[in-house]
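In what follows, a single structure is set out as structure tokens and then discussed.
To find a chain, count down the sequence lines: A is the first, B the second, and so on, and within it residues start at 1.
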There are 4 protein chains.
Amino acid sequence: MNFRSDNEAPAAPEIMAALTRANQGSAHSYGADAITARLQDRFSDLFETAVTVYPVVTGTAANALSLAEIAPPFGAVFCHEQSHVHTDECGAPEFYTGGAKLMPLPGTGGKITPRALETALAGMGYHGDHEPAPVALSFTQATEAGTVYSLDEQRALCAAAKNHDLAVHMDGARIANAIARLGCSPAEITWRAGVDILSFGATKNGAMAAEAVVDFRPEDARAAHRSLARRRMRGGHLLSKMRFLSAQLEAYVTDDLWLRLAATANAGAARLAAGLNACAGIELLHPVEANELFIRVAKPIIAALRAAGFEFHLWSVDGAEVARLVVPYAVVDDDITKLIACARAGATGANGIE
Amino acid sequence: MNFRSDNEAPAAPEIMAALTRANQGSAHSYGADAITARLQDRFSDLFETAVTVYPVVTGTAANALSLAEIAPPFGAVFCHEQSHVHTDECGAPEFYTGGAKLMPLPGTGGKITPRALETALAGMGYHGDHEPAPVALSFTQATEAGTVYSLDEQRALCAAAKNHDLAVHMDGARIANAIARLGCSPAEITWRAGVDILSFGATKNGAMAAEAVVDFRPEDARAAHRSLARRRMRGGHLLSKMRFLSAQLEAYVTDDLWLRLAATANAGAARLAAGLNACAGIELLHPVEANELFIRVAKPIIAALRAAGFEFHLWSVDGAEVARLVVPYAVVDDDITKLIACARAGATGANGIE
Amino acid sequence: MNFRSDNEAPAAPEIMAALTRANQGSAHSYGADAITARLQDRFSDLFETAVTVYPVVTGTAANALSLAEIAPPFGAVFCHEQSHVHTDECGAPEFYTGGAKLMPLPGTGGKITPRALETALAGMGYHGDHEPAPVALSFTQATEAGTVYSLDEQRALCAAAKNHDLAVHMDGARIANAIARLGCSPAEITWRAGVDILSFGATKNGAMAAEAVVDFRPEDARAAHRSLARRRMRGGHLLSKMRFLSAQLEAYVTDDLWLRLAATANAGAARLAAGLNACAGIELLHPVEANELFIRVAKPIIAALRAAGFEFHLWSVDGAEVARLVVPYAVVDDDITKLIACARAGATGANGIE
Amino acid sequence: MNFRSDNEAPAAPEIMAALTRANQGSAHSYGADAITARLQDRFSDLFETAVTVYPVVTGTAANALSLAEIAPPFGAVFCHEQSHVHTDECGAPEFYTGGAKLMPLPGTGGKITPRALETALAGMGYHGDHEPAPVALSFTQATEAGTVYSLDEQRALCAAAKNHDLAVHMDGARIANAIARLGCSPAEITWRAGVDILSFGATKNGAMAAEAVVDFRPEDARAAHRSLARRRMRGGHLLSKMRFLSAQLEAYVTDDLWLRLAATANAGAARLAAGLNACAGIELLHPVEANELFIRVAKPIIAALRAAGFEFHLWSVDGAEVARLVVPYAVVDDDITKLIACARAGATGANGIE
């Protein structure tokens, strides 16, 4: 009964089957295989525009490569103060960009508002060359707080960025959950909303190890010196047996597998949120719009859940216990039911204690 | 009939089976799983000393991370002028080290001699701080030329490096082929011969995408700030579903799979070399001691091989055609037989033409 | 009547004289000259311990080189959120360290408290290798807010850092002003208080362009691969005609020139602060303990000062006008008198307006 | 009697006078002063086109900043195998570019031929993204061997680079000596011959510490994000009291000072070369076209010169002694006369010994 992370779920059967299929005979290496070739068209179809796709094995690689493309070493990249790029990548963006400066912005629910971005930009420019050049915005969709920008929110944010000539990166580690929530098309949530370059996630949602940089920039920028391809190579992210990476991504977007898996996870999270929200001693910190819940939770409930074998991450924030529950695509419905029941029982026992 | 690269072979059945086994249920992420835990012990047993193992997905990542550990940005790393780190990684070592300087050395058969190293070192130190500090040696075993350092050669080379306080990195992208050739133990060819840090290859020899940095340095150096772990993370090489990477490596070294596969490839290469060596119009450029052949070959033979559907890489070197033939673990014996026959036929047709 | 910056003052006559003296005949280059040799001893005497001195031309270079020595690329460096290294160097620390992460801390009066440092450290370590390693503290003395840490404050801060094995860097762009304020010895304010490496400033206090990294670390760390010397070289900061840089530093610390100049500037700032503090419509934001004043100031006063030809920097902070007045060593006493008088007159005119 | 390096000469009186003049009163900092403003126009006039000038204190800084502007981290920069950027800057170009790869080319007399460049380029492109992108050429004028490219040679070399879309950097540490030799205009030897960006040297030829990047690229490239200005800042090369750097450069190009000093040095070198060339036991290795001589010299002559107090650098190359003699602008004619006489006397004594 593991609610620790969607990274802890197994690979989906469709992904495993694709790997087995890809393992027939020899194939040209370093991306010169047939599956990788198909993937370019497949993603261009999916996004309804010509894109370039660069499969990689981690979201951190996708993020760092994306940012390196749009931020020079002397640039500033605006991001949420709780964003993965800023707090969980051990400086990968700084490494890949050659030392660009991340500019963390506050924002409730993991979201950056146009106003927060404008305010930060208004505070820059007083120190001339002593400051980095504002060059990019990176935002996460679905967010690290388990919320989802509405299309209008996202468009407004990207428009604010564009008004200041910032390039826009979207960390889509959970893009499938966002699309499943919004019921929109992949195009609507990306380039049509102002995204220049995307970290397309699959691993958290059923792949074994497969993410991709999807580059929406104009052909010229994408072709220049094959810069992204070369950055990937020198980052050690060009797989010799690329077919196995591409095969995962191909299977992932075939027959809407990605959206079905994400919908399953989202629905589970919604049911879990509804159940816990009705539970004394538990407070949802953010709207649950994807597959993650962040809850402030009474200690007896925690004890009860732990005793019953539920696994989840826990932090102490300003003296209160904050738990993160992630519902993976592979969740067992019964586990959710049990967790809600256990929390309720723990909450009852907690009466008078809090 | 693909002799292009061992990277073009499929993953071995044992590897695929291990992936399927690893895909049962949930597992902790980022290397906190049971398989990865076992791997540390498994490799310490294998190498007969306590090591730290860092699985990654490419040899370039393993090389660059290894070099970053032993070479500061202001350091010089000696390597063969045809080494992969110098010629085929688009500057990955420069990127990961923060700009260390590779110092290419000449050497027949892809081998660095102690004398070549000594000569290069003797030429340094005249320009004070204007020169990088000589800090490391990187050599490849089996070499990029398809040869294998004897243990004596390797020991002498490493001893020369140690005499000058150089740390020693071994690019073991084809270490299995070298061990299979030498009939030695993994310990003998690594730390007992003077190696401090190793890129342990598996992908070319049957894995799907699995390499590892194996760190033999003293405990203190290995533990300091978890430097290698953090470099891997910020390189984007810490897989969230690490179990799948570790599972490949575990299967790879179980029941001597790696050595059996390498022996198969080596034997095929030896048979191919013997056949071609007897063939007019073909000259072996280097002793064939692993699974790669480099041959100078008459044009009609090339034409005949191409026409028959044989795939291999070809360069024009000083006006002559040089082909590389790589025999993968998955080679079909009959393909070798056919290739030899085809080359002979082509050579006959070539008489009088050359 | 320039109160914009101590960087705008001319070089002191003693410095100019030293440059003229240094310009006699030829001298060995790149620091192999007699003046540079003397400087090592001179600074070891000055600091009452064996140090290594690396003259450079900017404080940014001194800071970035210092941090590169004590922070690996995967490290975290704690600093004040308004520190020069974080806000005014366009990412020089990120560049020189290879992408280390600056961790800005809040603190009134430009000072970091041990508690703020402890709190930040307590919040780290939950994300394993996803977080940078806490490795260093950088603090500024005198601070960017024009205050000076007492020796007790500084010792407590450095002790907190040492308790967590952080190396300590002191940005001493205005170290002379701090020493002049505290009446302590150079040793007391540096290594005896826990400083490992120091950016020693001279340019703001009368030099033409001369700063230095002063390295207090144990001999072994200072000698290793001549790392700091090589970092300086590859940063482009090893001057060929080094004698001219060393000559400035030598003159600067001869006959207490540096302390006399700093005392002059400090005294001027104190007099200016006293005068302005008594002035309606002006509020001192921080205690004035060095040579900088930060004041919240009514608009009519600003207008009066500007009209009278006084130059100073001005920001709009949350709707209020905040001015910085810097008193250089070369200040004319009469200018201070006039400024106070002008502000008072402007304040009188301002009555009823505010 | 110092023939070690032009870096060991004092600053010219005109430079010292300019520093004294610049030291009057206060001036805006970080390049916002009147002298720096004038310098932009002065250099645009000098080069007969609109340029941007970035004063810095070392040639290494100028070179590394220039290369960082034209070479991305995944790029390859062609240069002579004996070029300063490759052999004497401790990896500064690798540091500033973020790990670009220098591609050393052979060439007699320190010169790169179009053919050598073409050959190197023809050997690239076979390994796809495994290779860096060929992006730039860096050549030195006057060369490190003391020769000078004729304008035709330089034009042909730059044209070859342009044919392959390489940007062109000229290391002009001794550009004054080259211009004095060729009798051409600054425009002819730079942008009119195909140079995009120039390291303009002054320190070796009479300045105290003053070099500059001169950027000839189109306005757009020069303005983009103020990239060069920001790179200079984060390299720690933006001097707060910039006026003192600009004043040196202004004086240096006023009334042809730079060309007069260079002509003096060149003439001295020519006289020295003629004298030594007539001397048994001495062989000039390269034509002496600037102010450096490289000679193969018999040991007794070396002994005689050393005994007489002549200072110069000496290497042992393949068993022979090779000396470098540099004639600075400040050379005393009599020293040259004495050196020739001493070498002749030593040569006579050497008869029968060699």
* Could you grab the distance from atom OH of Tyr30(C) to atom NE2 of His127(B), nearest 0.5 Å is fine? => 10.5 Å
* Please indicate whether Arg115(C) has more than 12 foreign heavy atoms, meaning atoms of other residues, nucleotides or ligands, lying under 6.0 Å from its CZ. => no
* Can you measure from CG (Asp129(C)) to CZ (Arg226(B)) and round to the nearest 0.5 angstrom? => 4.0 Å
* Structure fact -> All heavy atoms of Leu238(C) vs all of His130(B), minimum pair found to be CD2-NE2, 3.9 Å
* Go through Gly98(B), Ser227(B), Pro72(B), Pro134(B) and name the one with the most non-hydrogen pairs under 4.5 angstrom from chain C. => Ser227(B)
* **Within-4.5 Å side-chain heavy-atom neighbours: Pro132(C) and Arg234(B)** => no
* **Separation between CG of Asp165(C) and NE2 of His225(B), rounded to the nearest 0.5 Å** => 7.5 Å
* Hey, is the main chain of Glu131(B) close enough, under 3.5 Å, to the side chain of Arg230(C) for a donor-acceptor pair? -> yes
